[in-house]
Each structure stands twice: as C-alpha cells, then as structure tokens.
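Everything numeric in this text was worked out from a predicted model, so none of it was measured. Chain A is the first sequence line, chain B the second, and so forth, proteins listed ahead of strands; every chain is numbered from 1.
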Amino acid sequence: MLYNKRTNTCGELNTRNIGETVVLNGWVAKKRDLGGIIFIDVRDRYGITQIKVSPDRKDISSLAASLGNEFVISAKGKVIQRESPNKNIPTGEIEIEVEELQVLNESLTTPFVVEEDVKANEDLRLQYRYLDLRRKKMMDGLLLRNKVYQMVHGFYAKHDFVEVETPILMKSTPEGARDYLVPSRVHKGKFYALPQSPQTYKQILMVSGLDRYVQICKCFRDEDLRADRQPEFTQIDVEMSFVTQDDVFKISEELFKNIWKEVLDFNLPEQFPRMTYDYAMTKYGIDKPDLRIKDLMIITEITDAVKTSDFKVFKDVINSGGIIAGIKTGKSQDGSKIEITRKISDGYTDFAKKLGFGGLATLKVNEDGSLQSSILKFLNEESIKGLSAAFDAQPGDFILILSGDKSKVLNGLGQLRLKIAEDFKLLDDSKHEFVWITDFPLFHYEEEENRFVGEHHVFTSPKDEFIHLLDSKDRKEIESIRANCYDLVYNGNELGSGSIRIHDSETQKKVFRIIGLTDEEAAEKFGFILEAFKYGAPPHGGVAFGFDRMIAMLSGTKSIRDIIAFPKTVSAASLMDNCPSPVIKLQLDELGIQLKQG
RNA sequence: GGAGCCGUAGUUCAGUUUGGUUAGAACGCCUGACUGUCACUCAGGAGGUCGCGAGUUCGAGUCUCGUCGGUUCCGCCA
C-alpha cells in the first residue's frame, strides 16, 4: 500500500513548526464535523494533534466526513496557528491544514469508547485489551514499565552483575506454592514445572563462580489471585557471592533510590530503616508494617497490667496462655483528632467479630483524664491505673482492646490499625516509607500438616547464634530459630524478599530433616543442589523484587493488571485469547494423557 | 475451599426494597442540518434472550434455589 509516511508524531508539533508541511499517521480519536469545516483529533502513542479539513477542499471533505473513530489515517498538510488554542494538550497551539488525506484502515465501531475516562468494565477492557491500551493512561503504564526495566538493566550492568537466562522448563519443587506443570511428550508420565523463581539456578550459578547474577524474569505460581497477584509475574532476581545482609541492602537501596529519584523525583534516605520481624509483629501485628503512620496505633500489651482484675474474659485468656493488648488512636500526625463515634466504634466491634473475636473492648479518655468504658465495672483500681499508664492515656484518646491467642490478637490489632488508618484517610500517598524487615523465623509449625515448613524458602540460612538449634527436637526451640532472611516493605506492601543462603550441604540436610524430608527424599528432590554444595560453594545471598508491584506503586495503581500488557483475571484466564482452552485429543494422546470424566 | 459485591440496549447505569400497562436515561451508533470545534450544537431514528437454568405465582427484570462470569477479601501465595 502506497501512502504518505509520517514525518512527525502526533505529540511533537508546536508553534515552532508553523509553516512546515508535515505528514501525520495515526488513529481518529474524535471527529467534529461542523457541516463545512471538519476537525479531527489524530492520536498515536506520542499524543494527539488536531487536523482541519476546510470546506473548500470538497474532495477531502467528503472523505473526512465519512471517517469513523479508530480509523487509521494519513494526513498531509501545513502546520498553522490555531484561531482558538486548546491549552489542555501540548500540541494545542497548532493544527494541520489538510491537503491530502488517506484512509489506511477502517475500524468497526468499538465495543467501548476509547477515551481517557473510560467507562467500560474491566472484563470488557481485558477482552479488547488492544483498544484499552490505546488510552494514554494504559500506554503510559507500559512506557513507565519499560523505562524502569531499562534502568534496572543498566544499574546492575554498571555494578558488574551478569544477566543469565535460567530455564523456564525445570524440575518441580514440592515445597511452597503449587507449580504450573508441563507434560513431557518424550518422557511420558513425567512433567516439567514452570519456575516459581529461579532460586536453585541462581544459587548454582554462585557455585559456578559467576559472583554477581541478575535477571528480570517471569515466575509462575498456581495459587489463587488477588489485585496484586498474577499467575505469571515478573521479578528482579539477584544473587551475589561473598556478601552479608548489609551488602545486599546497600546495593538494593541504591537501586530504589535511583528509581524513585528518576521516576518520582523523590529523594529516598541514604539507608532504609530496619526492623526485626519480632518487633514488627509485636508492635504492628503484621510483617509488612505501613510506616506512613509509623507512630500511630502501635500495639501495647497490657496482660500484666490487668492480671489482678476479676474480669472473666481477661482471666480466661490469661489462664489459657493468651494475651490482652490494644491500640490507641491518639492524634493523627497533622494534629487533626480522630473522632470515634459510637456508630464507628460499633463498626469496629463487628470487624473484630468477623475476625473471630468474641468482642472488642473500647475505652474513651475523657477531657479530665478519666476513662469511660463498659468494661470498667469489671476492673479493679489497680488494673485501671495500670491500663491507663500502659497506654499513656491522654484526653481524647480512644483505646481498642482485644484478647485471646497471642498471634491472633496481634494480627487482629494490626488489621484494626490499618482499617482505622484507611477510614480516617491517614495513609498519605505522597509518603514513601521503605523498611527492611529482618530476622524472620526459619520455620513455622503447620498444624494441619503436623510438621515444620520453611517460613521463607528451604535454602535460607539460620543466624549463626541459632545454628546449634538445628539439632533440637523441641518445637519451641525450633520455632525460636531466626534466619538471615529479610523483606523489603514499601508503604505496607511487600516489594521484595531475600536471604543469605545455606552454602554447605550438612546444614542444608539438617533443614530438610526438620521440614520432614528424609535424606533419601531430599536427595531425590534437591540432590542436585546438595551435590553442588559439596564442590566449593561460596557464601552467597540475594534478593528478589516484585517488578509488577513496584511499577504499580510508581504509577499509583492498586492493581498490577493495569501495568501488565496482557494480564489474567482472578480465575487465571485470559479473556482476550481465551486461555486456558481445551486441546485436541491428538495432543493429549501424544503426551500420554487421559482426562478424567467430570 | 470460604465470604462480600456486581451481571438490564454497543457501553455505563436507573428500575428489584413493596411482583402487575408498551423496561427508561446518558454516551455511542445511523439519517439530516450546521464554516472555528476541542464533551461541537440541533432535529429525528434504530437498538433489549433483564448472564444462564429451574422453581413459586394468574403474572417474575423484581421472590426462591442452582449455575456461569467479573471483582474484592480470607484461606493459600517456600
């Protein structure tokens, strides 16, 4: 097809180009046909430029009048000053006086109107993703993603990291998330797994002496989805030899500082604050505390303060080994008071009940410093004093108390804290609060399966002072083991996770034993890495950052679907190309697979 | 696996509480008019399996049960 090829994009012409003859290629975003004169907004990735067809150009006018939205056109003409400029767009000072007009392709009427303030529901937009991506906001998401992608590559290249492509078809590892499986045709009855992460490969690359590895790679997990979780997602995967936790933190902080400066023009601190897992759980009730409200509603345990009271609810909890703890609202950082009315308070009680608590005790601190609450009548003088002191109760404060099993209470208060923060709009999006959470437990006991499982992954090393406990048989002792393991948390979201790894096969075997793998099973499943560790594995460690989540946060969207070109729905389906889909019998036969009925 | 919300014109929604005449609006689409618009304006028009399937009823968009899809959260996500 012969047509006038563009000399310029639709986003770059301005008053300096007046008088030039140019050609634009693009999509019809909007046509305004005034009867004689016709205006058309032409759109491409770079912007929108208005072209004008004068009524005296009869031949062009009829063609222009017949254009529909999303037609692809080529327009040639002179750049002229607009009689009435549009200040809302960069090209709004000028327009093109059309001399030649060609239709390069027509378009059906689109199922939804392609406009910035799109009205269509997400499922329709997903089905016609290519139309949705024509919107500036969506295109900007992809462009931002590309920008950061390039930055990450450049950053690690500058620091002597080597990018290595690890296999997409790998051995299934039964620990952790469900694997996506790929049947083997050659080895009938055997399966590959898609990587949940290239964890084993990157560690083996350290054994190879690669020293510094990075890969921006796809990972796959067959688990239920959320707004911030997709079945396939991208992570920045990093591994380094001869490093400590501090080395990993340092280079990671530099990466994030660069990105936040470049994209948001925000200066992150030289070093990110650190907080142990235990502190985070005890004070914030969650392992990813949102430090935009750092000093607000920190959890206070008052078990001791009220232990002399006769209140049956508290007594029962104490006797069964539980705790009593609470948070107080206090004043918000901008000084505005958090006014908790009876109605709001009842709402929080319902919230607590939904979390499985019998109720929520609330106390109001009067202007004279006295307490007001329905539970006061159950408490003795000593308890009331102790409680008041523990919370440093000030006039206007509102205190919310939960009691029960320790982890449940902390978790409940953590959730209440976030709910109150959200209800009173205390989470300021202009804040950028990074924090490293360190010293995670190495194991936790899975009651249902009746065994220990790795809190992080099974290659995470215990901190030196806990190594002797790997030989323990005592549940409490094993649960007390802390790991060289860390998460990077940003505004209450987990952005990354990593650890210093085990690099000797003896320690690795002990860890396998604790999670219930016999030496034989460990050899069957992870023998290759145990074997590799026998041949001079260097001390090493690394981290992986969620690339999609990072881009979502940089662009201010909650859903990572918005910044993934072709995302899947919460049921892991793609509405555009209709996958997953059935396959023909021949394909199954070749794989030796027979489907179960029903 | 569990819970909540949503599903009505091409699109976004109203109508469902309290079952009852011909299911409405806006945008989009089509036809006509219009020479400075940028949410063009004006006049007219077409367009509906009320997600699907049972049930209750003289009568169901509306009530009940089931089912499918979307979405949010919990479980899950080493």
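- Base pairing of B:U16: no nucleotide in any strand meets the Watson-Crick or G-U wobble criterion (both distances under 3.5 Å).
- The pairing partner recorded for B:U62 is none, the criterion being a Watson-Crick or G-U wobble arrangement whose two distances lie under 3.5 angstrom.
- Of all nucleotides listed (B:G1, B:G36, B:U71), B:U71 comes nearest to the side chain of A:Thr569.
- Other residues, nucleotides and ligands contribute at most 12 non-hydrogen atoms within 6.0 Å of the NZ atom of A:Lys78.
- Remark: B:C77 base-pairs with no nucleotide in the shown strands. Criterion, Watson-Crick or G-U wobble with two distances under 3.5 Å.
- An OP1 or OP2 oxygen of B:U72 is reached within less than 4.0 angstrom by a side-chain nitrogen or oxygen of A:Arg561.
- Comment: A:Lys568 engages A:Glu232 in a salt bridge, judged by a side-chain N to carboxylate O separation of less than 4.0 angstrom.
- Among the nucleotides B:G70, B:G36, B:G1, the one closest to any side-chain atom of A:Ser571 is B:G70.
- Interface remark: the A:Gln50 side chain does form a donor-acceptor pair with the B:U37 base, using a distance-only criterion of under 3.5 Å.
- Look at B:U35: it lacks any Watson-Crick or wobble partner with both distances under 3.5 angstrom.
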Tabulate atom names and distances for all N/O pairs under 3.5 angstrom spanning the protein and nucleotides 40-45 of chain B.
from: B:C40; atom 1: OP1; to: A:Lys30; atom 2: NZ; distance (Å): 2.8
from: B:C40; atom 1: N4; to: A:Asp33; atom 2: O; distance (Å): 2.3

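- Side-chain proximity of A:Ala177 to B:C73, B:C77, B:G36: nearest is B:C77.
- Minimum atom distance to the side chain of A:Ala227 is reached by B:C73, of the listed B:C73, B:C38, B:G70.
- Using cut-offs of 30° and 60° on the angle between ring planes, the pair A:Trp436 and A:Phe545 is tilted.
- Between A:Leu517 and A:Val458, every side-chain heavy-atom pair lies at or beyond the 4.5 Å cut-off.
- Applying the Watson-Crick and G-U wobble criteria (two distances, each under 3.5 Å), B:G7 pairs with B:C68.
- Here the nucleotide nearest the side chain of A:Glu95, chosen from B:C76, B:G28, B:G36, is B:G36.
- Using a 4.0 Å cut-off, some side-chain N or O of A:Arg226 falls inside it from OP1 or OP2 of B:C74.
- The side chain of A:Arg221 sits closest to B:C77 out of B:C29, B:C77, B:U72.
- Using a 4.5 Å cut-off on side-chain heavy atoms (C-beta onward), A:Val98 and A:Arg57 make no contact.
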Item to complete: Determine, for nucleotides 7-16 of chain B in 5'-to-3' order, which nucleotides have protein heavy atoms under 4.0 Å from the base (write B), from only the sugar-phosphate (write S), or from neither (write -).
Response: ---SSSS---

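- The existence of a salt bridge linking A:Glu122 and A:Arg561 is confirmed by a sub-4.0 Å separation between a basic side-chain nitrogen and an acidic carboxylate oxygen.
- The shortest side-chain heavy-atom distance between A:Phe220 and A:Pro195 falls under the 4.5 Å cut-off.
- For the OP1/OP2 pair of B:C29 and a distance below 4.0 Å, the side-chain nitrogens and oxygens of A:Asn69 include at least one atom meeting the criterion.
- Taking the six-membered ring for Trp and thresholds of 30 and 60 degrees, A:Phe512 and A:Phe526 have nearly parallel ring planes, at less than 30 degrees apart.
- Taking the six-membered ring where tryptophan is involved, the planes of A:Tyr130 and A:Tyr128 are perpendicular, since the angle between them exceeds 60° and thus also 30°.
- Between A:Arg32 and A:Asp41, the closest side-chain pair of non-hydrogen atoms falls below 4.5 Å.
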